[in-house]
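What follows is a set of notes on a single structure, which appears directly below.
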Amino acid sequence: MKKIIVANWKMNPLTEREAVRIARAEDKNNVVIVPPFPFLGAVRGVLKNASLGAQDAFFEEKGAYTGEVSSAMLKKFGVRYAIVGHSERRRLGESDEMIAKKAKAGVDAGLKVILCVGEPMDIRRRGRNAAGAFIRKQLSRVKRSKSLIVAYEPIWAIGTGKNADPEEAAYVADVIRKMLHVPVLYGGSTNSRNAKSFLEKKEITGLLVGGASIDPKEFKKMAVIARDI
Ligand code: 13P
């Protein structure tokens with residue numbers, strides 16, 4: 001499988017104008033751009049090569065769920081990917097059960113689902129076996145699917161400048177692949193300097209990029225590394 005780079009812009013940028021500017025610059029093959037909801041339409045309008053993704057998707061199709069957006073709506077809107085279970089959402093109270101439901105609904109609606117997992121620092125300190133067990137538990141309710149991708153994002157590596165050791169990330173990716181037979185992305189403080197060290201691992205199919213994804217210069221370098229590997 002070709003390596004992919006996913007740009008999770010999180011709650012950035014502030015304006016549609018800026019979103020369009022960044023999207024134009026990052027519009028490459030093997031790239032998925034995941035803007036905030038209000039900018040999905042504008043970004044969709046400028047992408048010619050990259051795919052469009054959403055940062056979350058609810059498990060019900062439609063109805064009285066104020067503030068939620070369904071996978072079916074997103075699919076009909078032209079979105080191809082949905083991230084579910086990001087640690088920034090788990091921190092707000094999402095459970096493994098809820099995330100598994102979101103993943104299933106996304107797959108059923110025809111989206112490619114990027115389900116995020118990752119251990120906190122106190123688990124990582126106990127070593128790779130403890131981390132692997134923690135991840136397996138996070139995935140215990142998740143059903144295998146050809147449309148599923150898992151992103152391994154250790155919580156302590158997100159936005160901290162402290163990326164995981166690529167060997168350790170590859171180990172966890174292997175645990176996930178053995179369990180679900182799905183592609184695995186790595187995320188957590190990736191940039192153009194460390195991208196290659198993750199992308200060259202056969203267990204790692206791509207990167208889920210946060211901070212560096214709203215810096216088009218930096219992100220484009222990462223996309224080139226992924227393309228050429
Ligand atoms: P950073 O790349 O900013 O560490 O964020 C990673 C992430 O959470 C992507 O989903």
Side-chain angles (χ1 to χ4, degrees), residues 3-14 19 22-23 25-26 30-37 39-40 43 50-57 74 79-92 94 99 102-103 106 111-121 123-124 131 134-135 138-139 148-166 168-170 172-173 176 182-199 201 204-223 225-226:
K3 305 276 174 169
I4 64 167
I5 306 264
V6 182
N8 176 13
W9 291 356
K10 308 192 179 184
M11 204 169 73
N12 298 290
L14 208 48
I22 302 171
E26 296 182 348
N30 299 342
V31 164
V32 182
I33 299 197
V34 192
F37 285 110
F39 307 146
L40 280 172
V43 170
S51 296
L52 188 62
Q55 294 180 16
D56 191 23
L74 292 166
V79 167
R80 285 191 58 199
Y81 289 80
I83 295 174
V84 301
H86 195 282
S87 66
E88 288 153 13
R89 298 205 57 82
R90 291 177 184 263
R91 200 167 60 207
L92 298 173
E94 291 197 13
I99 292 158
K102 287 183 172 188
L111 295 175
K112 286 198 174 292
V113 171
I114 301 171
L115 190 155
C116 304
V117 293
E119 80 285 354
M121 195 52 177
I123 300 287
R124 173 48 62 182
F134 185 90
I135 303 300
Q138 285 187 314
L139 291 170
L148 183 69
I149 297 165
V150 172
Y152 171 53
E153 298 206 303
I155 294 171
W156 48 270
I158 295 176
T160 58
K162 287 187 208 136
N163 58 277
D165 176 340
E168 294 304 313
V172 174
I176 297 166
V182 292
V184 179
L185 312 180
Y186 168 76
S189 297
T190 56
N191 53 46
S192 64
R193 280 156 284 126
N194 61 28
K196 186 161 181 282
S197 64
F198 293 102
L199 290 167
K201 299 280 180 209
I204 298 175
T205 301
L207 302 175
L208 180 52
V209 187
S213 77
I214 43 170
D215 176 348
K217 254 184 151 170
E218 182 68 4
F219 187 78
K220 273 198 283 187
K221 284 189 205 162
M222 298 172 82
I225 293 166

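Just so you know, ligand 1 is whichever comes first in the structure, and atom 1 is the first atom listed for that ligand. Remember, it's a predicted structure, so these values are computed and weren't measured experimentally.
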- Leu111 and Tyr81: which non-hydrogen atoms are nearest, and at how many Å? CD2-N, 4.4 Å

- Message: Looking at Lys102, is its backbone amide N or carbonyl O close enough to the side chain of Asp56 to form a donor-acceptor pair, meaning the two atoms are under 3.5 Å apart?
- Response: no

- Message: Looking at every non-hydrogen atom in both residues, tell me the closest pair between Glu26 and Ala50 and how far apart they are.
- Response: O-CB, 4.4 Å

- Query: Is the shortest N/O to N/O distance between Thr160 and ligand 1 below 3.5 Å?
  - Reply: no

- Taking only heavy atoms of Glu153, which atoms of ligand 1 are found under 4.0 Å from at least one of them? 6 (C), 7 (C), 8 (O), 9 (C), 10 (O)

- Task: Quick one: do Lys10 and Ile158 satisfy side-chain contact (heavy atoms from CB on, under 4.5 Å)? Show the steps, please.
- Result: CA-CA 12 Å; Lys10 308 192 179 184; Ile158 295 176; 3.5 Å; yes

- Which is it for Ala157 and ligand 1 at heavy atoms under 4.0 Å: side chain, backbone, both or neither? backbone

- Item | Tyr186 side-chain N/O to Ala164 backbone N/O, donor-acceptor pair under 3.5 Å | yes

- Counting heavy atoms only, which part of Ile158 comes closer than 4.0 Å to ligand 1: side chain, backbone, both or neither? both

- Verdict with reasoning, Lys112 to Val32, per side-chain contact (heavy atoms from CB on, under 4.5 Å): CA-CA 11 Å; Lys112 286 198 174 292; Val32 182; over 6 Å; no

- Item | Residue-ligand contact Ala212/ligand 1, heavy atom below 4.0 Å | no

- Message: Under a 4.0 angstrom heavy-atom cut-off, which atoms of ligand 1 come close to Gly211?
- Response: 1 (P), 2 (O), 3 (O)

- Nitrogen or oxygen atoms of Gly210 and ligand 1 under 3.5 Å apart: yes

- Mark up the atoms of ligand 1 that fall under 4.0 Å of a heavy atom belonging to Gly188, in ascending order. 4 (O), 6 (C)

- Can you list the atoms of ligand 1 that are under 4.0 Å from a heavy atom of Gly159? 1 (P), 3 (O), 4 (O)

- Return the minimal non-hydrogen interatomic distance between Gln55 and Arg89, and the atom names on each side. O-CD, 4.4 Å

- Can you tell me the protein heavy atom closest to atom 5 (O) of ligand 1 and the distance? Lys10 NZ, 3.2 Å

- Note on the structure: Taking every heavy atom of Ala25 against every heavy atom of Pro216, the minimum-distance pair comes out as CB-CB, 3.6 Å

- Item | Asn8 neighbourhood, listing ligand 1 atoms whose heavy-atom distance to it stays under 4.0 Å | 9 (C), 10 (O)

- Starting from the C-alpha separation in whole Å, work towards a yes-or-no answer on side-chain contact (heavy atoms from CB on, under 4.5 Å) for Ile33 and Ile22. CA-CA 10 Å; Ile33 299 197; Ile22 302 171; over 6 Å; no

- For Ser189, is the nearest heavy atom under 4.0 Å from an atom of ligand 1? yes

- Query: Going by the order shown, which atoms of ligand 1 are within less than 4.0 Å of some heavy atom of Leu208?
  - Reply: 9 (C), 10 (O)

